[in-house]
Amino acid sequence: MVDTAERAPEKSNAVKSNAVKSDAVKSGTPVVDAAASEAAAAAAATAPAGATPRVDVEALGRQLLGTWAEVRLASRELSSRPEMQKVEGLSVADHRKRVFGQLKLLVENGQVHRAFPKVVGGLEDNGGNIAAFEELVAADPSLQIKSGVQWGLFGAAVLHLGTEHHHTTYLPGIMSLDVPGAFAMTETGHGSDVAAIATTATYDPESQEFVLDTPFRGAWKDYLGNAAVDATAAVVFAQLVTKGVNHGVHAFYVPIRDANGDFLPGIGGEDDGQKGGLNGIDNGRLHFTGVRIPRTDLLNRYGDVAEDGTYSSPIASPGRRFFTMLGTLVQGRVSLDGSAIIASKIGLKIALTYGDQRRQFTAGSDTDEEVVLDYQRHQRRLLPLLATTYAGSFAHEVFLHKFDDVFSGKTDTDADRQDLETIAAALKPLSTWHALEMLQEAREACGGAGFLTENRITSLRQDLDIWVTFEGDNNVLLQLVAKRLLTDFSRKFAKADAGALARYVVVQAAGKAYHGSGLRSVGQTVRDFGSTARAVNWLQESATQRELLTDRVETMISEIGGRLRPASKLGKKAAADLFNSQQNELIEAARAHGELLQWEAFTEALEQAPDAGTKQVLTWLRDLFGFGLIEKHLAWYLIHGRLSPQRAQAVSAYIDRLLTRIRPHAVDLVDAFGYGPELVRAKIASGAEAERQAEARAYYAERRADGTLPTPEKAPSKHR
């Protein structure tokens, strides 16, 4: 939560007095050195009104909290309790035991019931449920993911794939943790290819039971949270076979352990053992041999089997039925997107606080070392990552609203669900990849201190590593996005000839950031991006940035669409080979689409900024994000003639200017995230570094004053 008691908005990091600094160091508030603070204060006092924009930290913090602010704050308060937090260095067994105990505390606190139906004691608050859940990453990522397995996967599968019988029979025990459960979808041999899983559930009409089998080792269910120790039941995904017909993947409620914790007959498993992170979760494997369950334990919302074995479904198409069932479980990707952004915020809070206090090298002074965040390279390392984190945060808020609208029924059409799934598949890869990049850069930017476990960065990095393959490998998810974009393209140009395809170039996005998730409107000719007459101001315009980012997505898709156009006339193997030849470009186009969504969400958020000063700083930060995307893909823009070499140079030059403008506000921008010392839990972000630096500088100043400092060999007339 925003640290308003210790750091009021009007006291920016650039204008603190020595007295304020002394108090701040004791309380753990980030500060700068006294001399710099006094100089900045003097400058601020004589500057014309409005000349220097300032960030209202408290108001910006409220904006970042979003719609479910109170829910987030309550979850942060819970996460700040020592009994809910990760203890580093525990054995795997002890860490697992601690996290399972924390699940019980969540139940006692009422944190896990928001998304469940009111008839079983829930609140039917889907957006608030995700907001609260993803904040648990600040306490311990293992706690967040294990609670997600129990209530966000196991419980949600019963809720969304089951019907009233399953809700009243199974949800109360799941909600209370009387029935810990596993979500048994993934198999060792098929990973993200859920449609190809090999576990079968064959209906026996004589006994009116399904018989579950894993026919070979590759069909074992794998990497399942709760499966190694705690789960007594599981939602098992298997190919439903009845009357000799395979009706595709369906979900079944299956008891797996007895009251003593022993596997039931026909069920076996293994412990996945120690992992590269998240060792508070007991991941394991399950397999089934002739396991019989009642016909009524098929979660039958989208497909049912009558007593005589007749299959029926409200969705005739097997493919559409499969994607509809999986789409109901999209909340996992929503929460991973949000929790990855939160981890990035915490990592940046640590790295930028430390960088604002750590001093190294006497570059511009005979006596004082420089604050490392004042070095351009340090700014280049961290401030663009700060801009991306803000973009991801604003995009997640829009994403969460879309999720809540769909799952509350406000806008629950097939098109809405398809849009939600596409947005999820676009944003989750970007935020999870970004979190790993940011945490690694933060670790390096903090030097040896960043490598110490007590400063959390390495621990977060280890735990979040698996985020990039959780709930679908990122590259696979981006292929889903690309296919959606291609589908929209093919519908728009189904009857277009080669000449029409060649002329398919777009000037500007139409509508808002999440106006669907397909291609934007077409109809104008691209202006001459190669003109050298325009100044850098042209690149600063929102319309220009939108145009450049949108044009890249649409041009890439149109080019790929043109190359894939012959596929419809080819055989299956040749068509697959042709598609494979474009796979990398497809993924890059999908990634560009996700980046555009983030940029648009950031741009819309500017209109909600609490005051002119905060809006100005956020605009610089948005521009840094947009220019960073353009700089990253300069080769594309140059090759396609969208930017001249002169303007390409202007992109990097303007980024350097933006870094200088944003630097004085860096600490305010991370303070606005609202994660105080009890949630950050890193010694280097506690004020200890500022205190150490102040002690060292006072020591040398005193010795210079009393003449006891030794004379340097090469500069006898100058003292350190």
Side-chain angles (χ1 to χ4, degrees), residues 53 373-392 394-395 430 433-434 437-438 441 505-509 513 520 526-556 559 585 588-589 591-606 615-666 669:
L373 191 53
D374 287 340
Y375 289 109
Q376 185 190 62
R377 179 58 183 168
H378 212 76
Q379 295 168 14
R380 264 279 186 173
R381 299 174 76 177
L382 295 178
L383 296 185
L385 296 174
L386 176 64
T388 301
T389 300
Y390 263 82
F394 289 130
L430 268 60
W433 273 328
H434 167 68
E437 177 189 2
M438 193 290 307
E441 196 64 56
V505 232
V506 184
V507 60
Q508 186 171 348
R520 270 52 174 191
V526 172
R527 70 178 72 177
D528 181 12
F529 288 111
S531 170
T532 57
R534 298 171 187 261
V536 173
N537 288 342
W538 176 74
L539 286 166
Q540 293 176 250
E541 296 174 4
S542 293
T544 301
Q545 293 178 40
R546 185 192 303 271
E547 192 169 8
L548 287 169
L549 297 174
T550 304
D551 178 59
R552 180 166 181 264
V553 178
E554 298 192 340
T555 300
M556 291 174 77
E559 289 175 346
E585 290 300 313
E588 287 302 311
R591 187 165 184 163
H593 176 71
E595 291 167 343
L596 173 61
L597 295 181
Q598 290 180 328
W599 183 92
E600 288 182 318
F602 201 153
T603 300
E604 288 193 349
L606 294 178
K615 183 175 182 178
Q616 177 63 78
V617 175
L618 287 179
T619 300
W620 290 335
L621 201 64
R622 191 282 315 274
D623 287 349
L624 180 58
F625 176 65
F627 274 71
L629 293 176
I630 295 167
E631 183 183 53
K632 183 168 67 173
H633 304 300
L634 272 182
W636 188 93
Y637 287 108
L638 288 167
I639 290 170
H640 285 77
R642 301 304 195 264
L643 288 175
S644 67
Q646 293 87 347
R647 286 187 176 173
Q649 290 178 331
V651 170
S652 295
Y654 189 61
I655 286 176
D656 291 338
R657 290 171 59 188
L658 286 170
L659 295 175
T660 302
R661 291 174 178 174
I662 294 167
R663 161 63 183 104
H665 310 283
L669 290 167

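All heavy atoms count here, side chains included; hydrogens, waters and symmetry mates do not. Model, not experiment: these values are computed from the prediction.
Under the 3.5 Å distance criterion, the side-chain polar atoms of R377 are left unmatched by any main-chain donor or acceptor of Y375. Between the side chain of T544 and the main chain of Q540, no donor-acceptor pair closer than 3.5 Å is present. Not a single donor-acceptor pair under 3.5 Å links the side chain of H434 to the backbone N or O of L430.
Scanning both residues, R380 and S652, for their nearest heavy atoms gives NH2-O, 3.6 Å. Minimum interatomic distance between M556 and A589 (heavy atoms only, all atoms of both residues): CE-N, 3.5 Å. Nearest approach of R661 to H665, heavy atoms of both residues: O-CD2, 3.3 Å. L643 and L638 get closest at one heavy-atom pair: O-CD2, 3.4 Å. The two atoms that bring A395 and A601 nearest to each other are CA-CB, 3.5 Å, heavy atoms only. The nearest pair of heavy atoms linking L383 to A666 is CD2-CB, 4.0 Å.
By the 30° and 60° cut-offs, the orientation of the rings of F602 relative to Y390 is parallel.
Each of H593, H633, E547, E588 was compared with R552 under the side chain to side chain donor-acceptor pair (under 3.5 Å) criterion, and only H633 meets it.
The line from CG of L621 to CD1 of I662 is 5.0 Å long, rounded to the nearest 0.5 Å. In this structure, CG on L624 lies 12.5 Å from OG1 on T619, to the nearest 0.5 angstrom. Note that CG of L629 and CH2 of W599 are 10.5 Å apart. Values are rounded to the nearest 0.5 Å. Residue L634 holds its CG atom at 10.5 Å from CZ of F627, rounded to the nearest 0.5 Å. Note that CG of L596 is 4.5 Å distant from OG1 of T550, once rounded to the nearest 0.5 Å. Taking CG of L385 as the reference point, atom CD of E437 lies at 5.5 Å (rounded to 0.5 Å).
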Carefully, step by step, assess Q379 and D656 under the rule side-chain contact (heavy atoms from CB on, under 4.5 Å). CA-CA 9 Å; Q379 295 168 14; D656 291 338; over 6 Å; no
Can you check side chain to side chain donor-acceptor pair (under 3.5 Å) on D623 and Q545, steps first, answer last? CA-CA 8 Å; D623 287 349; Q545 293 178 40; 3.0 Å; yes
Apply side-chain contact (heavy atoms from CB on, under 4.5 Å) to residues L549 and E595 and explain how you reach the verdict. CA-CA 8 Å; L549 297 174; E595 291 167 343; over 6 Å; no
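Not counting sequence neighbours, the partners of R622 by the side chain to side chain donor-acceptor pair (under 3.5 Å) test are S542, T603.
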